[in-house]
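Before any comments, here is the structure.
Quick note: residue numbers are just sequence positions, from 1. None of these values were measured; they are calculated from a predicted model.
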Amino acid sequence: MDEQEQTKVAGYAIAVTLRLIMAVGVNAVYVASHQIAGPFAAFTIGVSAPVILQQIMVQAPNEPVSSSPSASPVPPPSPDGRRTAPQDTAQPGDVDVR
């Protein structure tokens with residue numbers, strides 16, 4: 001077996017291993033939420049785990065979630081312990097949809 005064939009076999013083995021890990025993870029989630037009624041359902045969900053995870057990623061928002069204080073809508077307390085009113089961030093041309 002030459003080096004190129006070994007690389008192909010290693011890539012295939014990694015892909016199979018990752019698919020098995022995904023199947024176990026998705027099945028664990030469904031079992032924990034009591035949505036699997038038997039072994040056939042567990043097998044079916046395990047086989048379709050890559051598709052399920054792909055659909056979740058398609059529906060997930062593409063914006064990164066930030067936990068920095070600047071992204072928080074609540075202003076930090078002032079030094080004397082009181083919260084200040086949030087600043088108006090309206091720009092010229094913004095439309096009020098209330």
Side-chain angles (χ1 to χ4, degrees):
M1 191 181 290
D2 65 343
E3 187 175 327
Q4 187 177 10
E5 288 178 9
Q6 288 178 348
T7 304
K8 287 181 182 179
V9 170
Y12 182 73
I14 290 170
V16 169
T17 303
L18 290 175
R19 285 181 181 256
L20 288 173
I21 291 170
M22 285 190 294
V24 168
V26 170
N27 271 328
V29 169
Y30 278 95
V31 167
S33 63
H34 304 289
Q35 294 185 8
I36 292 183
F40 182 71
F43 174 77
T44 304
I45 290 174
V47 168
S48 62
V51 176
I52 292 171
L53 294 174
Q54 179 186 14
Q55 289 299 316
I56 290 172
M57 292 304 296
V58 166
Q59 294 176 0
N62 290 331
E63 300 173 8
V65 178
S66 175
S67 61
S68 67
S70 63
S72 174
V74 178
S78 62
D80 61 355
R82 295 182 293 170
R83 293 207 179 264
T84 58
Q87 300 294 324
D88 186 12
T89 59
Q91 301 291 323
D94 286 350
V95 177
D96 189 9
V97 291
R98 283 188 253 171

_Other residues, nucleotides and ligands only: do more than 12 of their heavy atoms fall within 6.0 Å of CD on E3?_
no

Members sharing V51's hydrophobic cluster, built from side-chain contacts under 4.5 Å between Ile, Leu, Val, Met, Phe, Trp and Tyr, are none

Going by chain and number, the hydrophobic cluster around F43 (ILVMFWY, side chain to side chain under 4.5 Å) further includes V47

Residues at least two apart in sequence or cross-chain that pass side-chain contact (heavy atoms from CB on, under 4.5 Å) with A15, listed by chain then number, are none

CD (Q54) and OG (S48) are apart, to the nearest 0.5 Å, by 12.0 Å

With sequence neighbours left out, the residues meeting side-chain contact (heavy atoms from CB on, under 4.5 Å) with I14 are L18

Residue set satisfying side-chain contact (heavy atoms from CB on, under 4.5 Å) with V16, at least two apart, ordered chain then number -> Y12, L20

Residues passing the side-chain contact (heavy atoms from CB on, under 4.5 Å) test with Q6, sequence neighbours excluded, are M1

Rounded to the nearest 0.5 Å, the CD1 atom of I52 sits from the CE atom of M57 at a distance of 14.5 Å

Check: residues 22-35 side-chain donor-acceptor pairs under 3.5 Å, at least two apart:
from: N27; atom 1: ND2; to: A23; atom 2: O; distance (Å): 3.4
from: N27; atom 1: ND2; to: A42; atom 2: O; distance (Å): 3.1
from: S33; atom 1: OG; to: V29; atom 2: O; distance (Å): 3.2
from: S33; atom 1: OG; to: Y30; atom 2: O; distance (Å): 3.2

